[in-house]
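Quick notes on the structure that follows.
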Amino acid sequence: MGLIHLDDFYVPAHDPQRGIRTLSATGAETLDWNHPGSIDEEAAAAAVDTAVTSGNHQMVLVEGLFALILPKVAVRATWRVYVDTPDDVRLARKLLRKIETQHQDPRISLRNYLLTGRERHAEHVAPSRYLADLVLDGTMPTEHLLTAVEDLVGAHLSPAA
């Protein structure tokens, strides 16, 4: 299976000509990581096309907050899955990632969440739930989530298909 991470397609944070800018909790102007306009949609769509036409994958999975709402990416999807996770669980998971991988002060993440993160999720990500063929409960164990996805796409991935 091919895997495309939309996080790999954010425009360069230091490029003031591309992406959506915002003020962070520190007061510095920065790329708005919570806005779909900060993803290089053309590059993401090209990566999907390359993975699909390579002949190396039965399926190509595109994962990321904006996978269902970036038109050039979404139009390439056969199935659309939305993982619905309560606000508190999403925030806790994000804080843990920021602390563990970037050693970021959790106060900064919390302030950024309150400044724009919560609003951007409500504006851009949450509505994409209604574009999905399958909505999953993000608090369920991974095995349950995978089983539900297999039920949706499994017959199409069998060797005879």
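Since the structure is predicted, the reported quantities are computational estimates derived from the model, not experimental observations.
Note that CZ of R90 and CZ of R118 are 10.5 Å apart. Values are rounded to the nearest 0.5 Å. Between atom OG1 of residue T26 and atom CD1 of residue I108 there is a gap of 6.5 Å, rounded to the nearest 0.5 Å. A distance of 6.5 Å separates CD1 of I39 from CG of D7, quoted to the nearest 0.5 Å. For the atom pair CG of L136 and CG of L152, the computed distance is 9.0 Å after rounding to the nearest 0.5 Å.
Residue pairs that meet the ring-ring contact (aromatic ring centres under 6.0 Å, His included) test with at least one member in residues 21-52, sequence neighbours left out, are Y10-W33, H35-H124. Applying the salt bridge (charged side-chain N to carboxylate O under 4.0 Å, His left out) definition to pairs two or more places apart or across chains, those involving residues 12-30 are R18-D40, R21-E29. Residue pairs satisfying the salt bridge (charged side-chain N to carboxylate O under 4.0 Å, His left out) criterion with at least one member in residues 51-70, sequence neighbours excluded, are absent. Sorted by first and then second residue, the pairs that involve residues 124-141 and meet salt bridge (charged side-chain N to carboxylate O under 4.0 Å, His left out), not counting sequence neighbours, are D84-R129. Each salt bridge (charged side-chain N to carboxylate O under 4.0 Å, His left out) pair with one or both residues in residues 69-79, not counting sequence neighbours, appears once here: E42-K72, D49-R76.
A side-chain donor-acceptor contact under 3.5 Å links S54 to the backbone of A51. A donor-acceptor contact shorter than 3.5 Å is absent between the side chain of N112 and the backbone of S24.
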Does L70 form a side-chain contact (heavy atoms from CB on, under 4.5 Å) with L6? I'd like the steps, not just the answer. CA-CA 10 Å; L70 292 172; L6 285 183; 4.1 Å; yes
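By the salt bridge (Lys or Arg N to Asp or Glu O under 4.0 Å) test, D105 is found to be paired with R107, residues two or more places apart in sequence or in another chain being considered. Shown here are the salt bridge (Lys or Arg N to Asp or Glu O under 4.0 Å) partners of R97, two or more places apart in sequence or in another chain: there are none. With sequence neighbours left out, R120 forms a salt bridge (Lys or Arg N to Asp or Glu O under 4.0 Å) with D32. Qualifying side-chain contact (heavy atoms from CB on, under 4.5 Å) partners for T50, counting only residues two or more places apart in sequence or in other chains: none. Not a single side-chain contact (heavy atoms from CB on, under 4.5 Å) links A122 to another residue, sequence neighbours left out.
In this structure, L134 is not a member of the same hydrophobic cluster as L65, with clusters built from ILVMFWY side-chain heavy atoms closer than 4.5 Å. When the side chains of ILVMFWY residues are joined at heavy-atom separations under 4.5 Å, either directly or via intervening members, L68 and V153 end up in two distinct hydrophobic clusters. Both V11 and F9 are members of a single hydrophobic cluster when ILVMFWY side chains are connected at heavy-atom separations under 4.5 Å. Cluster annotation: L146 is not connected to Y82 through the hydrophobic network of ILVMFWY side chains, with a link wherever side-chain heavy atoms come within less than 4.5 Å. Following chains of ILVMFWY side-chain contacts shorter than 4.5 Å, one can reach L145 starting from L61, so the two form part of one hydrophobic cluster.
Other residues sharing a hydrophobic cluster with L115 under the 4.5 Å side-chain heavy-atom criterion for ILVMFWY residues do not exist; the residue is a singleton. Through side-chain heavy atoms spaced under 4.5 Å, either directly or across other Ile, Leu, Val, Met, Phe, Trp or Tyr residues, Y113 is tied to L91, L95, L110, L114.
Annotation: side chain of R80 is not in contact with side chain of S128 (no heavy-atom distance under 4.5 Å). Residues V73 and F66 fail the side-chain proximity criterion, which asks for heavy atoms closer than 4.5 Å.
For H144, the NE2 atom counts as loosely surrounded, since its 6.0 Å shell holds 12 or fewer non-hydrogen atoms of other residues, nucleotides or ligands.
Closest non-hydrogen pair, G138 versus T85, comes out as CA-OG1, 3.4 Å.
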